[in-house]
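These notes concern the structure reproduced below.
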Number of protein chains: 2
Amino acid sequence: MTIGALGQATGVGAETIRYYERIELLPQPARTSGGYRVYRPEHVRRLNFIRRSRELGLSIDAVRELLSLASDRLRPCARVDRLVRDHIHDLDHKIEGLQKLRSALQRLADSCRGGGRVSECRILEALQEAEEALAGPDVECAEEDCAGRRASDKQPKPRRERRA
Amino acid sequence: MTIGALGQATGVGAETIRYYERIELLPQPARTSGGYRVYRPEHVRRLNFIRRSRELGLSIDAVRELLSLASDRLRPCARVDRLVRDHIHDLDHKIEGLQKLRSALQRLADSCRGGGRVSECRILEALQEAEEALAGPDVECAEEDCAGRRASDKQPKPRRERRA
DNA sequence: GCTAGACCTTGTAGCGACTACAGGGTCAAG
DNA sequence: CTTGACCCTGTAGTCGCTACAAGGTCTAGC
């Protein structure tokens with residue numbers, strides 16, 4: 001089957017399939033004399049595995065690991081279990097963060113009736129003014145994994161203070 | 001103050017500040033004769049506004065709009081209110097999607113005790129086998145907004161079927 | 001055999017919101 | 001005048017695709 005047929009069979013776009021091949025998530029298929037990719041049933045199975053894993057929110061690297069684990073049928077499946085449970089934990093953190101965020105925003109929105117002028121808008125005030133205004137139980141940095149976004153954490157060396 | 005001092009004052013990294021300047025979220029500051037950026041208190045206020053909005057998960061474009069709205073003190077603040085409420089809705093969708101995902105994964109994890117071998121791992125089976133295995137109440141595609149990932153939706157023209 | 005046109009090929013650039021370098025220049029304390 | 005913390009610009013990388021451009025291949029139907 002061609003790349004289009006594989007796409008139909010799995011619900012994955014052709015460009016995504018080529019992308020998976022480029023990052024070596026899918027093995028290189030055979031080619032016709034004209035250079036067309038020719039896929040076989042095992043490609044369908046592998047790509048379906050990938051799609052389902054991705055739909056569950058697993059990262060490409062996690063999928064890669066799962067595929068490698070799955071290839072050795074005698075290996076204990078504890079690692080598989082671990083991978084999935086870790087991902088559940090990640091999701092829990094993410095969900096919790098978003099819920100905090102949501103209530104902070106809700107508090108913000110509740111403080112504004114929307115009928116006034118910008119000059120007396122509580123939302124804009126809260127964003128402009130002091131830190132505590134909308135700091136519920138510790139919001140900050142809920143979107144994604146937030147890898148080291150806090151530049152203020154690192155405190156390198158005591159330097160003279162410039163005209164601050 | 002220099003870019004480093006502004007970073008300290010706001011908790012935003014210097015590289016991010018330069019990035020904000022490049023995308024015109026922060027105005028270009030004055031410069032020393034040597035080319036150093038020189039910031040003033042209004043930059044601190046604006047950058048704090050930006051940081052807080054970002055921490056609440058608002059997109060750069062939303063922040064841009066908020067800043068522009070905030071600059072006209074006589075304008076009605078209905079649009080501000082709308083922007084924030086829309087974002088709350090987005091969050092609701094996101095949270096819901098992640099929760100569905102979580103329960104699908106939990107079901108998966110519950111089916112595996114982690115003590116067996118890969119060959120009898122229910123998790124890997126579920127990822128490999130039929131569609132219904134782990135389709136709880138309609139999972140698919142919860143991460144982010146999932147913009148048109150389903151390639152199988154478009155069904156262009158009836159073409160001859162190749163050797164499929 | 002030939003044409004039409006659906007399908008395929010490679011390569012590159014873009015998305016959002018940064019982050020991380022490399023290779024150099026500036027600044028102020030001592 | 002040296003030291004070295006700090007700053008500059010520019011470019012490339014992150015993640016997981018998606019979209020395009022310019023061209024080549026394939027087969028149904030004539």
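Numbers restart at 1 for each chain; the letters A, B, ... are given by sequence-line order, proteins then strands. Note that the structure is predicted; figures quoted are calculated from it, not measured.
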Would you say B/Thr32 places a side-chain N or O within less than 4.0 Å of OP1 or OP2 belonging to D/dC7? no
Between B/Arg45 and B/Asn48, does any side-chain donor sit less than 3.5 Å from a side-chain acceptor? no
Nearest to the side chain of A/Arg22, heavy atoms from C-beta on, is which of C/dC18, D/dT18, C/dC27? D/dT18
B/Asp61 has an atom CG; how far is it from atom C1' of C/dC15, in whole Å? 12 Å
Integer-rounded Å distance: D/dT9 P and B/Tyr19 OH: 17 Å
Flag the pair B/Leu56 / A/Leu108 as yes when at least one side-chain heavy-atom distance between them is below 4.5 Å, and no otherwise. yes
Of A/Gly34 and B/Arg37, whose nearest nucleotide on DNA chain D comes first from the 5' end? B/Arg37
Would you call A/Glu55 and A/Arg52 a salt bridge, using N to O less than 4.0 angstrom? no
In whole Å, I'd like the distance from the OH atom of A/Tyr36 to the P atom of C/dC7. 10 Å
Closest to the B/Tyr20 side chain, choosing from D/dC7, C/dC18, C/dC27: C/dC18
Is there a donor-acceptor pair under 3.5 Å between the side chain of B/His93 and the backbone N or O of B/Asp90? no
Whole angstrom value for the distance that separates P of C/dA17 from CZ of B/Arg51: 17 Å
Ignoring backbone atoms, establish whether A/Thr16 has a side-chain N or O less than 4.0 Å from OP1 or OP2 of D/dG16. no
Phosphate-side-chain proximity, B/Thr2 and D/dC7, N/O vs OP1/OP2 below 4.0 Å: yes
The residue, B/Ser33 or B/Ser59, whose nearest nucleotide of DNA chain C is more 5′ is B/Ser59
Whole-Å gap separating P (C/dA20) and CZ (B/Arg18): 13 Å
Let me know the distance between CG of B/Leu6 and P of D/dC6, rounded to the nearest Å. 15 Å
Distance check: side-chain N/O of B/Arg31 vs OP1/OP2 of D/dT9, anything under 4.0 Å? yes
Whole angstroms only, please: what is the CD1-P distance between B/Ile17 and C/dA20? 15 Å
Does any N or O in the side chain of A/Ser68 come within less than 3.5 Å of the main-chain N or O of A/Arg64, such that one atom is a donor and the other an acceptor? no
Return no unless some side-chain N or O of A/Arg54 is found under 4.0 Å from OP1 or OP2 of D/dC17. yes
Rounded to whole angstroms, how far apart are CD on B/Glu15 and P on C/dT19? 9 Å
